[in-house]
Amino acid sequence: MTTPPVRRGRTRRRLLPRPRVLLGTLLISLFVGVLVVQAYINAEFTGDHLESEVGDQAGVPAAIRSGGPIINTTGGQESSNRLPARTIALTFDDGPDPEWTPKVLEVLRENDAHGTFFVVGSEVARNPELTRKITADGNELGLHTFTHPNMQRLAPWRRDLEMSQTQVAVARAANVHTNLVRFPYSSKPQAIDEVNWKIIKQAGRQGYLVVVNDRDSEDWQRPGVAQIIRNATPPGDTSAVILFHDAGGERSQTLAALKAFIPMMKERGYRFTTVTEGLNLSIAEQQDAAAAAVPMLPVNPEASSTDRLRGAGLLWTVRLADGLVWGLAGLFLVVGLLTIGRTALLLVLATRHARQRRKPGWSWGPPVTEPVSVIVPAYNEKEGIEAAVRSLAGGDYPEIEVVVVDDGSTDGTAGIVERLGLAGVRVIRVPNGGKPNALNTGVALARHDLIVTVDGDTIFEPDSIRMLVQPFADPTVGAVAGNVKVGNRQTLVAAWQHIEYVIGFNLDRRLYEVLNIMPTVPGAIGAFRRSALAEVGGVSDETLAEDTDVTMALCRAGWRVVYEEKARAWTEAPTTLEQLYRQRYRWSYGTMQAMWKHRKALTDSGASGRFGRVGLPFLTLFGVALPLLAPVVDIMLLYGLVFWELSATVVAWGLMLALQLLTAAVAFRFDHESMRPLWRLPLQQFAYRQLMYLVLIQSAVTAMTGARLRWHKLHRAGLTGARTPAAEAPMIPSTPPGPGHGVAPAVDTWPPVLGQVTDPAHPAAGRATARPPVPSQALPPDTDEDLPSAGSPPGGGSGPVFTRGV
């Protein structure tokens with residue numbers, strides 16, 4: 001018995017295809033990782049930096065609490081040491097600081113004194129040369145942790161990490177090893193409690209001597225030079241380990257106090273040593289008394305090669321994190337300036353446009369009543385084609401011809417239109433050759449000189465065509481962009497697109513018209529002069545954004561492209577994130593293709609040069625660069641919410657949202673739209689916008705790799721119910737009809753090229769034409785339509801052309 005073959009197919013649906021998820025995950029992981037590292041380096045975890053009160057001291061040996069500032073718990077011992085009489089060890093915490101540490105070193109050199117610098121590891125990583133200079137001047141280094149946390153609030157593993165990271169940073173920067181450590185927020189031996197004692201013993205097990213202090217200058221409070229000196233001065237002839245700071249704030253009082261304090265104490269017979277030198281002197285005195293040989297401790301012993309190697313990696317990590325965050329901060333500033341500048345320009349010029357159109361008596365000129373041909377390229381549009389065609393045929397314009405070009409549909413789209421039997425509507429069937437080919441075929445067979453292009457899922461209002469063609473009263477106008485509205489606003493995703501259409505498309509078109517750099521006449525509702533289309537070579541199949549491509553060509557050819565807000569068309573927006581992603585991916589990628597294709601306009605003269613030097617930079621700056629950089633705003637917002645002051649971050653984000661709401665309110669008012677949908681705008685900033693970021697990033701990556709995408713079909717549900725349900729319409733294959741059906745008049749190509757000389761420098765050079773018949777091409781089963789492919793969209797050219805209808 002033969003086992004029946006297993007049917008293979010897609011076993012599950014993904015919200016977004018895997019490459020997009022992978023790309024987004026990688027980018028998010030990169031930025032999150034960098035920001036977390038940066039926050040750690042900058043000690044932004046505020047919970048780690050709270051000072052603690054002195055706790056129970058019962059478990060701390062009395063000899064330690066009453067002993068000296070150098071505590072030794074190495075090898076299991078529990079002892080402390082003081083410096084010899086009239087000996088001072090100057091210690092400096094929180095450095096190295098590029099401004100104040102060099103000045104402290106200079107004061108020490110001038111007074112022939114040395115000190116011990118307890119350095120913060122993150123600052124060592126940022127200032128390795130300065131760290132090296134500290135030891136080169138004969139001073140000593142000690143550890144002050146990597147991020148200056150309160151060690152009592154850390155887990156044991158984190159304490160070890162704080163010290164080991166600082167140790168390897170010092171090893172790489174200065175090629176030294178140190179056995180000295182001072183914990184942040186520590187003070188004198190008398191203040192050691194049981195918690196601190198456990199931390200000190202843990203440090204001892206790792207071979208560290210813990211250094212506290214005898215005298216605290218309290219210079220960090222900036223109490224005045226005289227008070228700092230009084231705080232630092234030991235009584236009588238006693239020794240002292242004195243605490244100063246060479247970082248963490250303005251240290252001019254510290255410098256002035258040192259300049260007076262060191263000479264004053266030398267006059268009293270004091271000597272200045274490092275902590276280790278002073279400890280060795282104390283050991284030597286004890287050795288003389290006990291007659292026992294105790295080895296002296298080396299000052300700044302050489303670091304091991306392993307520590308230097310680990311330190312190199314650490315220093316590069318810090319530099320990379322610092323560089324990326326500084327870069328993000330710079331980009332944040334750029335984005336902010338671009339956003340404010342664009343908003344100001346948009347509001348000023350769009351308001352000027354709206355006021356001009358609403359002046360009493362304003363018009364384009366004498367009423368336009370010339371007959372119009374409406375071209376509807378359709379591929380598998382059974383859900384919405386009937387409503388679309390009925391809206392076109394039922395318009396109030398005096399003479400309308402509707403030409404539906406069925407681009408090899410397999411769902412009976414052409415049959416649905418044919419059965420309507422509407423006057424002035426005819427169907428042209430061609431093998432699947434892509435939207436540009438369908439448009440060119442429709443224009444070639446259209447009877448009139450004013451051409452309106454409509455998507456197969458779009459519904460016109462009764463006066464839309466009449467309003468759309470009125471700008472042609474101006475002979476300089478070559479194309480008109482209509483007002484596209486989202487018809488299915490019920491779902492959240494579609495509602496977000498409604499907001500975007502009103503703000504991002506329609507308001508922008510007012511600005512573009514004033515600047516005379518209109519980049520796109522939308523495929524959903526646009527009008528063209530046949531002569532203008534012929535001049536630029538028709539609609540191109542060289543990019544996926546054929547509407548943007550042909551509009552740029554018209555601008556370069558000197559035609560004026562305008563926006564007519566009163567010509568409204570209702571389109572069906574994608575209702576799922578996957579469909580939206582596919583649509584916007586094609587739009588973004590196609591726009592980048594068109595911009596690259598028309599890049600020679602940058603060096604042209606005349607109208608082409610003006611578009612190249614005004615339109616292309618404007619689109620590059622605000623259409624590509626600004627959206628690509630916009631994620632920086634969200635990244636910095638998240639960083640601020642977690643690591644910066646919450647109130648300041650919320651205020652900054654609120655100001656950005658207020659700016660967007662102002663722009664949205666103006667746009668909705670100009671379009672006479674209800675303000676109610678704008679309540680969704682804050683939520684849109686946390687979901688919809690991030691999806692658009694991924695779209696643009698993937699589009700940019702695809703463009704840089706030179707891949708091509710196919711024109712893929714979105715799944716439609718239809719805006720309104722058709723009188724004859726599309727689902728009940730019989731399937732009509734897209735094959736040539738038999739004898740008796742009308743056949744379109746023969747054309748060599750469109751636009752006509754016979755007898756014309758091809759100019760390779762023409763802005764439209766290389767455009768698509770309705771070529772002689774070629775076999776139609778079909779995608780193999782289970783092909784992912786969104787995968788990049790080489791060459792033109794499927795079909796590549798027109799096949800036999802057949803017509804039915806009038």
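Computed from heavy atoms alone, side chains included, the values below leave out hydrogens, waters and symmetry copies.
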Quick check: do [X] and [Y] have side-chain heavy atoms less than 4.5 Å from each other?
{"X": "Trp316", "Y": "Leu320", "answer": "no"}
{"X": "Val212", "Y": "Val241", "answer": "no"}
{"X": "Met151", "Y": "Tyr185", "answer": "no"}
{"X": "His148", "Y": "Asp94", "answer": "yes"}
{"X": "Pro84", "Y": "Arg271", "answer": "yes"}
{"X": "Trp220", "Y": "Arg251", "answer": "yes"}
{"X": "Leu243", "Y": "Ser217", "answer": "no"}

Could you tabulate the donor-acceptor pairs under 3.5 Å formed by side-chain atoms of residues 295-307, not counting sequence neighbours?
unit_1 : atom_1 : unit_2 : atom_2 : d
Asn300 : OD1    : Leu141 : N      : 3.3
Asn300 : ND2    : Asn139 : O      : 2.7
Ser304 : OG     : Asp307 : N      : 3.2

Set of salt bridge (Lys or Arg N to Asp or Glu O under 4.0 Å) partners for [X], sequence neighbours left out:
{"X": "Arg82", "answer": "Asp214"}
{"X": "Arg109", "answer": "Asp137"}
{"X": "Asp216", "answer": "none"}
{"X": "Arg222", "answer": "Glu250"}

List the atom of [X], the atom of [Y], and the distance in Å for their closest heavy-atom pair.
{"X": "Gln253", "Y": "Gly224", "answer": "OE1-N, 2.9 Å"}
{"X": "Gly204", "Y": "Thr73", "answer": "CA-OG1, 3.1 Å"}
{"X": "Gly115", "Y": "Leu108", "answer": "N-CD1, 4.1 Å"}
{"X": "Arg215", "Y": "Ala240", "answer": "CG-CB, 3.9 Å"}
{"X": "Ala203", "Y": "Phe183", "answer": "CB-CZ, 3.9 Å"}
{"X": "Gly67", "Y": "Pro189", "answer": "O-CG, 3.7 Å"}

Partner set under side chain to side chain contact (heavy atoms under 4.5 Å, CB included) for Val624, not counting sequence neighbours: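 Scan of Val624 (side chain to side chain contact (heavy atoms under 4.5 Å, CB included), adjacent residues dropped) gives Met592, Met595, Leu628.
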
Is a donor from one side chain sitting under 3.5 angstrom from an acceptor on the other, for Asn196 and Gln152?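 Indeed, the side chains of Asn196 and Gln152 share at least one donor-acceptor pair under 3.5 Å.
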
Side chains of Glu162 and Thr147: donor-acceptor distance under 3.5 Å anywhere?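 The criterion, which ignores hydrogens and geometry beyond distance, is satisfied for Thr147 and Glu162.
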
Can you list every pair that meets side chain to side chain donor-acceptor pair (under 3.5 Å) and has a residue in residues 197-208, with sequence neighbours left out?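 Counting only pairs at least two positions apart or across chains, the side chain to side chain donor-acceptor pair (under 3.5 Å) contacts touching residues 197-208 are Arg159-Gln202, Asp160-Gln202, Asp160-Gln206, Gln167-Tyr208.
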
Per the side chain to side chain donor-acceptor pair (under 3.5 Å) rule, what does the pair list look like for residues 226-236, sequence neighbours excluded?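 Output for this query lists Gln227-Arg230, Gln227-Asn231.
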
Does atom [atom1] of [X] have more than 12 heavy-atom neighbours from other groups under 6.0 Å away?
{"X": "Arg172", "atom1": "CZ", "value": "no"}
{"X": "Asp56", "atom1": "CG", "value": "yes"}
{"X": "Lys133", "atom1": "NZ", "value": "no"}

Quick one: side-chain hydrogen bond (donor to acceptor under 3.5 Å, both in side chains) partners of Arg65, sequence neighbours excluded?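 If we apply the side-chain hydrogen bond (donor to acceptor under 3.5 Å, both in side chains) test to Arg65, skipping adjacent residues, there are no hits.
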
For [Y], is there any backbone N or O sitting under 3.5 Å from a side-chain donor or acceptor partner on [X]?
{"X": "Ser239", "Y": "Ile88", "answer": "no"}
{"X": "Ser80", "Y": "Ile71", "answer": "no"}
{"X": "Thr166", "Y": "Val120", "answer": "no"}

Verdict with supporting geometry, Phe272 and Leu90, side-chain contact (heavy atoms from CB on, under 4.5 Å): CA-CA 7 Å; Phe272 289 84; Leu90 298 174; 3.8 Å; yes

With rounding to the nearest 0.5 Å, note down the distance linking [atom1] in [X] to [atom2] in [Y].
{"X": "Leu105", "Y": "Leu130", "atom1": "CG", "atom2": "CG", "value": "6.5 Å"}
{"X": "Leu83", "Y": "Leu279", "atom1": "CG", "atom2": "CG", "value": "7.5 Å"}
{"X": "Leu309", "Y": "Leu314", "atom1": "CG", "atom2": "CG", "value": "11.5 Å"}
{"X": "Asn72", "Y": "Ile200", "atom1": "CG", "atom2": "CD1", "value": "11.5 Å"}
{"X": "Asn175", "Y": "Thr131", "atom1": "CG", "atom2": "OG1", "value": "12.5 Å"}
{"X": "Asn213", "Y": "Ser186", "atom1": "CG", "atom2": "OG", "value": "7.0 Å"}

Going by salt bridge (charged side-chain N to carboxylate O under 4.0 Å, His left out), name the pairs with one or both residues in residues 179-196, residues two or more places apart or in two chains.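 For residues 179-196: Asp93-Arg182.
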
For residues 95-103, which side-chain donor-acceptor pairs fall under 3.5 Å, sequence neighbours excluded?
unit_1 : atom_1 : unit_2 : atom_2 : d
Asp97  : OD2    : Glu99  : N      : 2.9
Asp97  : OD2    : Trp100 : N      : 2.9
Trp100 : NE1    : Gly249 : O      : 3.2
Thr101 : OG1    : Asp97  : N      : 2.7
Thr101 : OG1    : Asp97  : O      : 3.2
Thr101 : OG1    : Asp246 : OD2    : 2.7

Evaluate the ring planes of Phe117 and Phe92, with Trp represented by its six-membered ring, and classify them as parallel (under 30°), tilted (30 to 60°) or perpendicular (over 60°).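 Correct class here is parallel.
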
For residues 258-265, which side-chain N or O atoms pair as donor and acceptor with protein atoms under 3.5 Å away, sequence neighbours left out?
none

